[in-house]
Each structure stands twice: as structure tokens, then as C-alpha cells.
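None of the values given here were measured: they were computed from a predicted structure. Scope of the values below: all heavy atoms of this structure, side chains included, with no hydrogens, waters or symmetry mates.
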Amino acid sequence: MQPKTVNKYITLLSTLFKWGVKHGYMKSNPAEGLTLELLHKPDEERKAYETEDIKRILEHLPNNIAKEPEKRWVPLIALYSGMRLEEICQLTGEDIRNVDGVLCFDVNTNGDKRLKTKASTRLVPVHPALLNMGLEEYTKSRLPYENLWGLSKGKWGYGKKVTNWWSSIFNRKYVTNDPLKCFHSFRHTFADTLKQAGVEEVIISELMGHANHSITTGRYGKRYRPQMLLDTVCKLDYRL
């Protein structure tokens, strides 16, 4: 396990022991202070996919939309939206909708969907590249309330099947052997590409579902309009 993963488990265990101490079942918390030192800075824990990686991904993505649409659309949406894997996997037909004339992914907690944080609720414009690939036509072929990819929710959400396939098979076979490049690398690629294009951090944060801690723009400012967000994602240039 990576140190960060180990620390998550130790923190959970420590929380249980803390409860035990509070209610008199234990005299002390044996897991307190046992977290491991992180050897890498946050921006070094995962790497972004580079241009050659993206070319290999696009070249080898399955095209059997009828049987396994998730294996094609989930990576493509991640590449052009910066959305998390689970956010994409739990999309329904009604979650792709027109807002002020802009087709958007509506990332929400409707039904049995779950999000990582409150800030994760947002609108993300559908990149023109996805429209050119036929995403809108595909979504119209699905019923509004059904999962877009035909996935069922399991113990760990909707994305377990895609996670296993990407991590164990596709990513290592066709893309890279670098252990720091995984599905989450799509978010790094998305963020870094917009950053290098001169996009303001606050706009990138809103697109990616990160909280805006600024008093001026976070508390008093409204969310960016869909058209401005669309103009932003159109600045993605992967040099393909």
C-alpha cells in the first residue's frame, strides 16, 4: 500500500479507538500518532498523462459501445472534463442536459448517487470533441433515469468494474508501466493543461469540483456561467 492509503486506514482505526476511550472501553488509543510520513509532495503522488500516453489511449480504447459503452466513454469523458471516475460512472441520461444553451454534465447527488465533497456538485460543459465522437447521440438512446452505461451500484459505488479494468488490464497493457499514472491521472492532465493555457485557478477548481476558499469569489461570487466554462474547456489542447 502507498503511505497515503495506509494513513487512511490508521485514521479510521484511531477514530474507533478514540470512541472506545471516550466511552470507557479502553484506557488509551494505540493507533494515535502512527500515521506514516508522506515522502512525496501532493503534486508528486500521481503523474499526468502525457501526449504520447493520450495517443495510446485513444488508439486502443474499445469501440464496442453496444456491449461495454463504459470502457470507451468513461475514459474519454475523464480526458475532456476532469471529472472523477465515480462521478462519470454514476451518470444517468438526465444528467446530461442543456443549461442556458450549453450542453452540460450535471454532477449531482440525485437518487443513490454520491459525491466526494459538497463542492463536487457542479455543471461541467460537454467538450465539443465528445460531441464530435457521438456522445449526444449515444445519450439519447438511453432512458432518462437509467444509468448511462448500464452499470449497477455495488458496495463501492458504480465505478468498481471500470476501475478494475483500467488498473489491471488496459492502463498497463496499452498505456504505461509507470505506477504513478492511473485513472486519476486524467484529472492531473486536465488541470495542468488548463493551467499551462493561462486559465485562472478558481475556474479550474470549479470545473473539477474543488472548494473555493476565497471570501470574495467563494462566498459572495456566483458560480461561473455555462458559456464561460465552455469557453474554458475549449482551451484544452492535448497536441494530438
A.B. asks: Under a 4.0 Å N-O cut-off, is there an ion pair linking E94 with R142?
C.D. replies: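 The answer is no: the pair does not qualify as a salt bridge.
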
A.B. asks: Do Q90 side-chain atoms and R114 backbone N/O form a donor-acceptor pair below 3.5 Å?
C.D. replies: yes

A.B. asks: Verify, without hydrogens or angle tests, whether R122 (side chain) and L207 (backbone) share a donor-acceptor contact under 3.5 angstrom.
C.D. replies: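 Judged by distance alone, yes, a pair lies under 3.5 Å.
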
A.B. asks: Compare every heavy atom of L36 with every heavy atom of N7, then report the nearest pair and how far apart it is.
C.D. replies: OD1-N, 2.6 Å

A.B. asks: Going through the distances and angles, do Y158 and D112 end up as a side-chain hydrogen bond (donor to acceptor under 3.5 Å, both in side chains)?
C.D. replies: CA-CA 10 Å; Y158 284 91; D112 63 356; 2.8 Å; yes

A.B. asks: Check whether L13 and Y9 end up in the same hydrophobic cluster, where Ile, Leu, Val, Met, Phe, Trp and Tyr are linked by side-chain heavy atoms less than 4.5 Å apart.
C.D. replies: no

A.B. asks: Between atom CD1 of I57 and atom OG1 of T189, what is the distance when rounded to the nearest 0.5 Å?
C.D. replies: 7.5 Å

A.B. asks: Quick one: pull up CG in L103 and CD in E136 and give me the separation to the nearest 0.5 Å.
C.D. replies: 5.0 Å

A.B. asks: For residues T176 and D178, report the shortest heavy-atom separation together with the two atoms involved.
C.D. replies: OG1-N, 2.9 Å

A.B. asks: Please report whether the ring centroid of W165 lies less than 6.0 Å from that of F183.
C.D. replies: no

A.B. asks: List the atom of M83, the atom of V107, and the distance in Å for their closest heavy-atom pair.
C.D. replies: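 The pair with the smallest heavy-atom distance is CE-CG2, 3.8 Å.
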
A.B. asks: Pair S120, T117 - check side-chain hydrogen bond (donor to acceptor under 3.5 Å, both in side chains), show working.
C.D. replies: CA-CA 5 Å; S120 299; T117 65; 3.0 Å; yes

A.B. asks: Any Lys/Arg nitrogen of E52 or K55 sitting under 4.0 Å from an Asp/Glu carboxylate oxygen of the other?
C.D. replies: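 Yes, E52 and K55 are salt-bridged.
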
A.B. asks: Kindly compute the distance separating CG (N108) from CG (L115), expressed to the nearest 0.5 Å.
C.D. replies: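 The CG atom of N108 sits 7.0 Å away from the CG atom of L115.
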
A.B. asks: Hey, are the side chains of D100 and R225 touching, using non-hydrogen atoms and a 4.5 Å cut-off?
C.D. replies: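 Side-chain contact under 4.5 Å: no.
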
A.B. asks: Could you tell me if the side chain of L123 sits less than 4.5 Å from the side chain of R97, heavy atoms only?
C.D. replies: yes

A.B. asks: Is it the case that N171 and K181 place a side-chain donor and acceptor less than 3.5 Å from each other?
C.D. replies: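 Their side chains do not contain a donor-acceptor pair, so the 3.5 Å distance test is not met.
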
A.B. asks: Within this structure, what is the CD-CG distance for the pair E50 and D192, rounded to the nearest 0.5 Å?
C.D. replies: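 Between E50 CD and D192 CG, I get 10.0 Å after rounding to 0.5 Å.
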
A.B. asks: Below 4.0 angstrom, N of the basic side chain to O of the carboxylate: do D95 and K113 qualify?
C.D. replies: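 Looking at D95 and K113, the cut-off is met.
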
A.B. asks: Would E59 and R56 pass as an ion pair if we require N to O under 4.0 Å?
C.D. replies: no

A.B. asks: Should V162 and L85 be marked as a side chain to side chain contact (heavy atoms under 4.5 Å, CB included) after you check the CA-CA gap, both sets of side-chain angles, and the distance that decides it?
C.D. replies: CA-CA 8 Å; V162 178; L85 183 143; 4.0 Å; yes

A.B. asks: Using modelled atom types and a 3.5 Å cut-off, is there a donor and acceptor pairing between side-chain atoms of H188 and backbone atoms of Y49?
C.D. replies: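 Checked: no pair found.
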
A.B. asks: When rounded to the nearest 0.5 angstrom, what distance separates CD1 in I77 from CG in L91?
C.D. replies: 6.0 Å

A.B. asks: For residues M208 and R84, report the shortest heavy-atom separation together with the two atoms involved.
C.D. replies: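 Distance-wise, the nearest heavy atoms are O-NH1, 3.7 Å.
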
A.B. asks: Classify the side-chain pair R239/T51 by whether it contains a donor and acceptor separated by less than 3.5 Å.
C.D. replies: yes

A.B. asks: Run the side chain to side chain contact (heavy atoms under 4.5 Å, CB included) test on T92 and Y145 for me, step by step, so that the C-alpha distance in whole Å, both residues' side-chain angles and the decisive distance to 0.1 Å come before the verdict.
C.D. replies: CA-CA 6 Å; T92 64; Y145 297 100; 5.9 Å; no

A.B. asks: Given the rule in the side chain to side chain contact (heavy atoms under 4.5 Å, CB included) test, do V126 and L135 qualify, once you have shown the distances and angles that lead to the verdict?
C.D. replies: CA-CA 9 Å; V126 178; L135 178 61; 4.1 Å; yes

A.B. asks: State yes or no: do V175 and I88 share one hydrophobic cluster built from I, L, V, M, F, W and Y residues joined by side-chain heavy-atom distances below 4.5 Å, directly or via other members?
C.D. replies: yes

A.B. asks: Minimum heavy-atom separation for L236 and F190, please, with both atom names.
C.D. replies: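 Looking at all heavy atoms of both residues, the closest pair is CD1-CE1, 3.6 Å.
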
A.B. asks: Would you say the side-chain atoms of H127 pair up with the backbone N or O of A129, donor to acceptor, closer than 3.5 Å?
C.D. replies: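 Yes: the side chain of H127 pairs with the backbone of A129.
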
A.B. asks: Among the clusters formed by ILVMFWY side chains lying less than 4.5 Å apart, do V233 and L58 turn up in the same one?
C.D. replies: yes

A.B. asks: Side chain of N29, backbone of S14: donor and acceptor closer than 3.5 Å?
C.D. replies: yes

A.B. asks: Cluster question for you: counting only ILVMFWY and a side-chain heavy-atom cut-off of under 4.5 Å, with indirect links fine, are Y25 and V21 together?
C.D. replies: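 Linked, Y25 and V21 end up in one cluster.
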
A.B. asks: Report the relative orientation of the aromatic rings in Y174 and F170; use parallel for angles under 30°, tilted for 30 to 60°, perpendicular for over 60°.
C.D. replies: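 Tilted.
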
A.B. asks: Which heavy atom in A31 sits nearest to a heavy atom in I10, and how many Å separate them?
C.D. replies: O-CG2, 3.8 Å

A.B. asks: Looking at side-chain heavy atoms only, is the closest gap between C234 and P128 below 4.5 Å?
C.D. replies: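 Side-chain contact under 4.5 Å: yes.
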
A.B. asks: Test: ring pair (Phe, Tyr, Trp, His ring centres under 6.0 Å). Region: residues 91-114. Which pairs qualify, not counting sequence neighbours?
C.D. replies: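 Matches after skipping sequence neighbours: none remain.
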
A.B. asks: If two hydrophobic side chains count as joined below 4.5 Å and joins carry through other members, does L34 share a cluster with F17?
C.D. replies: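 Unlinked, L34 and F17 end up in two clusters.
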
A.B. asks: Does S141 reach the main-chain N or O of Y138 with its side chain, forming a donor-acceptor pair under 3.5 Å?
C.D. replies: yes

A.B. asks: Are Y238 and Y80 close enough that their ring centers fall under 6.0 Å?
C.D. replies: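 Yes, they do, as the ring centres are separated by less than 6.0 Å.
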
A.B. asks: Where the side chain of R172 meets the backbone of N177, is there a donor-acceptor pair that is under 3.5 Å apart?
C.D. replies: no

A.B. asks: Could you tell me whether the side chain of T232 and the main chain of M228 form a donor-acceptor pair under 3.5 Å?
C.D. replies: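 Such a contact is found between T232 side chain and M228 backbone.
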
A.B. asks: Determine yes or no for a side-chain-to-main-chain donor-acceptor pair under 3.5 angstrom, with Q227 supplying the side chain and V102 the backbone.
C.D. replies: no

A.B. asks: In Å and rounded to the nearest 0.5 Å, what is the NZ to CG distance from K160 to L151?
C.D. replies: 14.0 Å

A.B. asks: Using only heavy-atom distances, determine whether the side chains of N147 and S152 contain a donor-acceptor pair under 3.5 Å.
C.D. replies: no

A.B. asks: Test I96 against C104 for side chain to side chain contact (heavy atoms under 4.5 Å, CB included), laying out the working first.
C.D. replies: CA-CA 6 Å; I96 299 183; C104 298; over 6 Å; no

A.B. asks: Just wondering, are more than 12 heavy atoms of other shown residues or ligands nearer than 6.0 Å to CD in E201?
C.D. replies: no

